[in-house]
Number of protein chains: 2
Amino acid sequence: MSDSGQSVGRKRRGAGRPTISDVARLAGVSPITVSRALRDPQRVSQDLRANIDVAVRTLGYVPDPNARALASSRADVIGVIIPSLTNNVFADVLRGMYDAINGSSYQIQLGNSRYSPIEEERLLTTFVSQRPSALIVSGIDQTPTARATLENAGCPVLQIMESGPDPVDMMVGFSHRKAAEEIVRHLWHAGYRRIGFIGARMDPRSQRRLQGYRDALEPLGGVDPALVTTTPAPSSVSLGRDLLRDLMSRAPDLDAVFCNNDDLAMGALFECQRSGLDVPRRLGIAGFNDLEMMAAAHPPLTSVRTPRYEIGYRSVRMVLDAITGRDIPERVIDIGYELAVRDSTGGPVLSQ
Amino acid sequence: MSDSGQSVGRKRRGAGRPTISDVARLAGVSPITVSRALRDPQRVSQDLRANIDVAVRTLGYVPDPNARALASSRADVIGVIIPSLTNNVFADVLRGMYDAINGSSYQIQLGNSRYSPIEEERLLTTFVSQRPSALIVSGIDQTPTARATLENAGCPVLQIMESGPDPVDMMVGFSHRKAAEEIVRHLWHAGYRRIGFIGARMDPRSQRRLQGYRDALEPLGGVDPALVTTTPAPSSVSLGRDLLRDLMSRAPDLDAVFCNNDDLAMGALFECQRSGLDVPRRLGIAGFNDLEMMAAAHPPLTSVRTPRYEIGYRSVRMVLDAITGRDIPERVIDIGYELAVRDSTGGPVLSQ
DNA sequence: GCCCTGAATGGTAGCGCTACCAATACCGTC
DNA sequence: GACGGTATTGGTAGCGCTACCATTCAGGGC
């Protein structure tokens, strides 16, 4: 009689795929030894390992991740929650994540919160029910409920994109406020004096960039509210055109804009081209993120280079280290940013 | 003594989360009835359903998807394989997919093949081992191995992005060849006579667009190989600049370009701005996909509007219908495309 | 009254894997 | 040769859920 329950005379439910017992029988060992050989080869003697490898290949055995997850109450899954799929920023982050996870036995489970904290809560509940090996979430503005869920998830948790106090567990990001502050100061040093702000969506990171804009201008003569335009609408190049047109009509003496992101900056450039405003002499333009297109524009557009791919890549490496119990030297990483200064902020016409 | 194995005196392995048995005990029914009440409420009487709902809420019960998948040999997962995460085209497709799956109990399992057929094979093997409820793959150029895997996956399979003969199962897409043919004919009718082609990456869909370009020009005087530039390098705006510059230096009489995608078209526009070429009078420019930025450019750029979001949305609805056994009126859908004609192809200077 | 039918509920036995403990073999030490 | 340690392997008993079959009960036709 076989030991796998077939003796009952009922046909097996599965699609007839080979199981770990089939491999064990063929290799002449017990199932548990096969299990060990697959998960941690060092714990099995060379001879058996070789036999098992042959049996696995002969049968075309592929472990069932669901059975594994049930038995070990831990799925080889890393849950990732991002707020947007169309935002190029997160496309780069994801690319880094998928590159970093390649070759490991882990899977990324992706959730899209669409910038909604409630949706994020819901996704976290769903994810946690799968007992993931780790969770990665965007930003640091989780609801109290979501934060509690993260704290009780029983797995490593990593917050990405921002730096800030009081991490749930680990953190990889940078200060949007400081980055914005620095690029606005750059505009000032380039000679611009009436520097506006254009912002769309205004999610928490956008809010912090606006704060950085204010912090930069405060000691330099203060912020003129008439130079700040924001909208909750999602960002787009067209919106950048529209917002700059509005702003110019309301404040014709505007001589530079810091755009909340690169789409808006590109739109602002097109609006200048349409209305014949010289960039950078009549209007300086700076964006945020430094998407690839910024350097290719005419004139090339100044931006803040944010290490998006690297955030994605390092975050997955970090949680993998945490999962496998390796030492994590720094649990909170400020990954920094870099100004990408180009012609679009070359300075205004000297008014002498 | 309880009936859930605690009598053995060993502590339970799980994190102590309530199980379906806990809910059953509280509601005074058997576990199997709870299972039915959750999966198919109609099969349980109203009274019991109400009791069970209360018990579920009281305990905060969340079903374990792994246990469910193991017992039913079917995971509530839809596997999706796309070739790129940075390509905006797929970002829109994914957005549609995630919108369509919202509210269902299914999860999307995303794989990134990076345009590699081998990687696609590997991903498919991994996905199939999870016994997904459906599979969605990009394109129609799977390797024979991958195709066999799809055919034996034992679940609905949907190929997206293209239309073509011989689907594995279902299909939602459009003809890249025809779309390209049509836009090149548009350029001809606008008066352009030396129409070039700029292509990057040259994945199968790009190849078919190039074929469409050839098909359009063949009856109109033939294709001049000197006007075709392609590169296997990934597409970018900068690359569009470079490729147009090369092409112009090799063929100074070029009067229009059909760019394989919008990034390249945008780069081409910037190159014209840099070198002082009037668009559309000296050079007509057409792109492909009609990303949002195309309409906002200066001048606005002609493109082919491809229903990316809709492909994503409809594909997930279709496989959900297939999973739940609903009738699928059309298993192969040509979702079409639309020319978005704008100023950038307004016609050349009349040479009289 | 009988049988039949169908709807609602329950019992049993796994799904394929791993945690936990036990057993065995082998080695060196005193 | 007894002892204790280490390395390797196996046995048992689940993980939490659902497929499958059995049971119960109400209602209808004869």
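Please read these numbers as outputs of a predicted model, since none were measured by experiment. Residue numbering restarts at 1 for every chain, and letters A, B, ... go by the order of the sequence lines.
Remark: A/Arg36, A/Val44, A/Ser45, A/Leu48 in residues 34-61 of chain A come within less than 4.0 Å of DNA chain D through at least one heavy atom.
Applying the 4.0 Å criterion to OP1 and OP2 of D/dG10, one finds that A/Ser30 has a side-chain N or O inside that range. In this model, the phosphate group of C/dC15 is not approached by any side-chain N or O of B/Ser73 to a distance below 4.0 Å at OP1 or OP2. Residue B/Ser72 places none of its side-chain N or O atoms closer than 4.0 Å to OP1 or OP2 of D/dT18.
A straight line from CD1 of A/Ile20 to C1' of C/dG14 spans 17 Å, rounded to a whole angstrom. Look at CD1 on B/Ile32: it is 15 Å from P on C/dG14, rounded to the nearest Å. Between the CG atom of A/Leu70 and the C1' atom of D/dC17 there is a distance of 8 Å, rounded to whole Å. Atom CZ in A/Arg74 sits about 23 Å away from atom P in C/dG16, given to the nearest Å. Rounded to a whole Å, the CG atom of B/Asn66 is 11 Å from the P atom of D/dG16. Distance CZ (B/Arg25) to P (D/dC17): 12 Å, rounded to an integer number of Å. When rounded to the nearest whole Å, the span between CG of B/Asp64 and P of D/dG14 equals 18 Å.
Contact check on B/Arg314 versus B/Asp321 returns no salt bridge, with no Lys/Arg side-chain nitrogen under 4.0 Å from an Asp/Glu carboxylate oxygen.
Comparing atom distances between the B/Pro63 side chain and each of D/dT9, C/dC17, D/dC17 picks out D/dC17 as nearest. Of the candidates C/dC17, C/dT9, D/dG10, the closest approach to any side-chain atom of A/Val29 belongs to D/dG10.
Between the B/Ser72 side chain and the B/Arg68 main chain, a donor and an acceptor come within less than 3.5 Å of each other. Using a distance-only test at 3.5 Å, with no hydrogens or angles considered, no donor-acceptor pair links the side chain of A/Arg36 to the main chain of A/Val44. Not a single donor-acceptor pair under 3.5 Å links the side chain of B/Asp76 to the backbone N or O of B/Tyr106. In terms of modelled atom types and a separation under 3.5 Å, the side chain of B/Asn87 and the main chain of B/Ser84 share no donor-acceptor contact. Judged by distance alone, with hydrogens and angles left aside, the side-chain atoms of A/Ser315 form a donor-acceptor pair with the main-chain N or O of A/Ile311 at under 3.5 Å.
The side-chain contact (heavy atoms from CB on, under 4.5 Å) with A/Val80 is formed by just one residue from the set A/Val137, A/Ile160, A/Val316, A/Ile136; it is A/Ile136.
Rounded to 10 degrees, the angle separating the terminal axes of the helix from C/dG1-D/dC30 to C/dC30-D/dG1 is 40°, with each axis obtained from five end pairs.
Checked against salt bridge (Lys or Arg N to Asp or Glu O under 4.0 Å), A/Asp99 has the following partners two or more places apart in sequence or in another chain: B/Arg114.
Atom CG in A/Asn102 sits 8.0 Å away from atom CG in B/Leu123 (nearest 0.5 Å).
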